[in-house]
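Written below as structure tokens is the structure these notes are about.
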Amino acid sequence: MEKRIKVKDLLKCEAGQKVTAKGWVRTKRGNKNVAFIALNDGSTINNIQIVVDKTAFDEALLAKVTTGAGIRVTGDLVESVGSGQRVEIQASEIEVYGECDPVRYPLQKKDTSFEYLRTVAHMRPRTNTFGAILRVRNAMAFAIHKFFNEKGFVYLHTPLITASDCEGAGQMFKVTTLDLENLPRNKKGEVDYTKDFFGKETSLTVSGQLEGELGATALGEIYTFGPTFRAENSNTPRHLAEFWMIEPEMAFYDIRDNMDLAEEFIKYLVKYALDNCHDDIQFLNDRYDNELISRLEGVADTEFVRLPYTEGIKILEEAMANGTTFEYPVGWGTDLQSEHERYLVEQHFKKPVILTDYPKDIKAFYMKQNEDGKTVRAMDVLFPKIGEIIGGSEREASLEKLENRIDELGMSRRGLEWYIDTRRFGSVPHSGFGLGFERLLLFVTGMSNIRDVIPFPRTPKNAEY
Ligand code: 4AD
Ligand code: MG
């Protein structure tokens, strides 16, 4: 038997050779004498057409070749007379590996809505749309490593189980081996975590940043890329309970260097997608969002706006004075909602915006404090259709200021002594940011719900598979 050739490669092969393809049947059509099978094996959005001379095959065998069935086909690769493909396979052998009951198959033509497909997320990678999204996701993961590798950043593996709350928001999933039906208690009646697996209270991490800073202040420039967990009960199209985050952290970078890197990074990724995922992105563009490609090209060539938060608030207040209404109130000191972020990006500037110098009270303890005593050197990158895609800052390098801020927020210094040591021993200016991988994918694929750009989404009340 000929060696299997992937469909992606077959479509580029010259006609006039015997080949074997393996994959899943997308469709079968034809007439009394001839059948046309569209075969896909996940290597590309495109199918290879199989032409079957029905008189040469057993009827019972052909009856098993239905949508969804897993098959092998061997035959001659010939130039296609029909339009739509350059080459096709004239089948001489067909083997059915696995039949697919057309009635019970969860992927039916009649319901292909994203909502429905989420209920059969175990099968949806077989659809054209999710195949395209998952290939783009893979390409973006590779491009992220390539970008940092070319710049000499060290890929640092930070722990998923942690005893500290980096963002201070308390939205953490607990990790424990204690018997929840029979919890050990101390004299005060509190749960006795000294009896727990790690001897202390632990959770799944909300960010690898704190450990990332340890790496950056030793290796210079590092990045993390891993799963991140948030137990926030937000059922929005932009939040997952388990998502992937990329967190570069750089010694000797100030906030401006940090913004430059963030902008270069996103543009690199968008360009990489345009250059390397053409067929998949073209498909998504044609099928769902015919402005996708122009939006991607726009971002790849545009200089992002850089604007202090205080200026951003003025613009939003002016917009309200001129009749724009928002669902959530906005004024100096409030955290921006996605609708405000999108107003700035989509209505006002019509390009990505990096908003800086937020009020310290709405940002995390580690951010560098500005001289005004009110704001910190934070930076959020805001994107069309999404809002915040990156959050980052220059870090507070002064031991005294950092400790004061921790005390002011009523946080415990004890569990953070290891982190504070970076400021005690050879503290240097440094900065970093976090890019939400799925938010990036929303932008690059044009999808509008974050559940549709991760293979197996984890959201409130949903942990299937
Ligand atoms: O703004 P965040 O909370 O920043 C941090 O965690 C910092 N420690 C990053 C750093 O400076 N190293 O999160 C960073 C990004 C957000 O901008 C967003 O893109 C994404 O992570 N993100 C989420 N993505 C999906 N679901 C969620 N629940 C998310 N929460 C944050
Ligand atoms: Mg943020």
Side-chain angles (χ1 to χ4, degrees), residues 137 140 144 148 153 156 158 162 164-173 204-216 221-250 253 255 258-259 261-262 265-266 269 309 335-338 340-341 345 352-356 358-359 362-368 376-383 385-396 419 430-444 447 449-454 457-460 462:
R137 186 178 167 109
M140 289 294 88
I144 285 161
F148 287 120
F153 281 52
L156 186 75
T158 50
T162 174
S164 50
D165 180 0
C166 172
E167 293 305 299
Q171 297 168 319
M172 304 181 82
F173 290 103
L204 294 177
T205 190
V206 296
S207 161
Q209 178 193 325
L210 300 186
E211 295 87 352
E213 287 186 49
L214 303 180
E221 292 158 333
I222 65 92
Y223 71 105
T224 72
F225 185 2
T228 311
F229 306 87
R230 301 214 176 159
E232 50 191 336
N233 197 4
S234 16
N235 251 311
T236 82
R238 289 174 311 281
H239 289 89
L240 289 164
E242 178 180 287
F243 63 101
W244 287 63
M245 183 151 59
I246 300 100
E247 294 185 274
E249 191 70 35
M250 297 75 62
Y253 272 49
I255 184 78
N258 205 26
M259 288 193 271
L261 183 74
F265 180 42
I266 296 210
L269 297 176
Y309 167 92
D335 207 355
L336 296 187
Q337 300 294 326
S338 158
H340 308 129
E341 297 170 340
V345 172
V353 175
I354 310 183
L355 212 56
T356 60
Y358 283 72
I362 56 171
K363 289 293 183 188
F365 75 97
Y366 51 71
M367 295 193 181
K368 183 173 172 71
V376 286
R377 257 169 246 185
M379 54 166 241
D380 278 9
V381 181
L382 314 180
F383 252 51
K385 288 201 53 177
I386 289 160
E388 179 189 340
I389 193 166
I390 281 181
S393 74
E394 185 169 341
R395 316 309 187 192
E396 182 54 73
Y419 175 75
H430 63 288
S431 300
F433 61 82
L435 168 68
F437 189 45
E438 287 76 18
R439 299 238 178 130
L440 170 79
L441 289 170
L442 281 177
F443 183 70
V444 172
M447 291 294 112
N449 193 311
I450 201 162
R451 294 163 177 82
D452 298 330
V453 295
I454 187 164
R458 297 286 176 259
T459 51
N462 179 26

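Numbering of ligands and ligand atoms starts at 1, following listing order. Keep in mind that what you see is a predicted model, and the values were worked out from it rather than measured.
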Hey, is Asp380 touching ligand 1 through its side chain, its backbone, both or neither, going by heavy atoms under 4.0 Å? neither

Of the backbone atoms (N, CA, C, O) and the side-chain heavy atoms from C-beta on, which set of Tyr366 has a member under 4.0 Å from an atom of ligand 1: side chain, backbone, both, or neither? side chain

We want to know whether Thr162 and Ser164 form a side-chain donor-acceptor pair, criterion being a heavy-atom distance below 3.5 angstrom. yes

I need the contact type for Thr228 against ligand 1. Using non-hydrogen atoms and a strict under-4.0 Å cut-off, is it side chain, backbone, both or neither? neither

With His340, which residues qualify under ring-ring contact (aromatic ring centres under 6.0 Å, His included), at least two apart? Phe326

Hey, is ligand 1 close enough to Leu240 that some N/O pair sits below 3.5 Å? yes

If you measure from each heavy atom of Arg395 to ligand 1, is any distance below 4.0 Å? yes

What do you reckon, does Gly436 have a nitrogen or oxygen under 3.5 Å from a nitrogen or oxygen of ligand 1? yes

Is there at least one pair of N or O atoms, one from Gln209 and one from ligand 1, spaced under 3.5 Å apart? yes

Which pair of non-hydrogen atoms, one from Ile389 and one from Ile266, has the smallest distance, and what is that distance? CG2-CD1, 4.0 Å

For residues 242-250, which side-chain donor-acceptor pairs fall under 3.5 Å, sequence neighbours excluded?
from   : atom 1 : to     : atom 2 : distance (Å)
Glu247 : OE1    : Ser207 : OG     : 3.3
Glu247 : OE1    : Gly208 : N      : 2.6
Glu247 : OE2    : Ser207 : OG     : 2.8
Glu249 : OE1    : Arg395 : NE     : 3.4
Glu249 : OE1    : Arg395 : NH2    : 2.8
Glu249 : OE2    : Arg395 : NE     : 2.9

Glu247 N/O to ligand 1 N/O under 3.5 Å: yes

Applying a heavy-atom cut-off of 4.0 Å, say which part of Glu232 lies close to ligand 1: side chain, backbone, both or neither. side chain

Under 2.8 Å from the Mg ion (ligand 2), protein N/O/S atoms total 1

Just let me know how Arg439 lines up against ligand 1, side chain, backbone, both or neither, with a heavy-atom cut-off below 4.0 Å. side chain

Select one of side chain, backbone, both or neither to describe which atoms of Phe243 lie under 4.0 Å from any atom of ligand 1, heavy atoms only. side chain

Would you call Met245 a ligand 1 contact, heavy-atom distance under 4.0 Å? yes

Tyr223: ring-ring contact (aromatic ring centres under 6.0 Å, His included) partners, not counting sequence neighbours: His145, Phe148, Tyr155

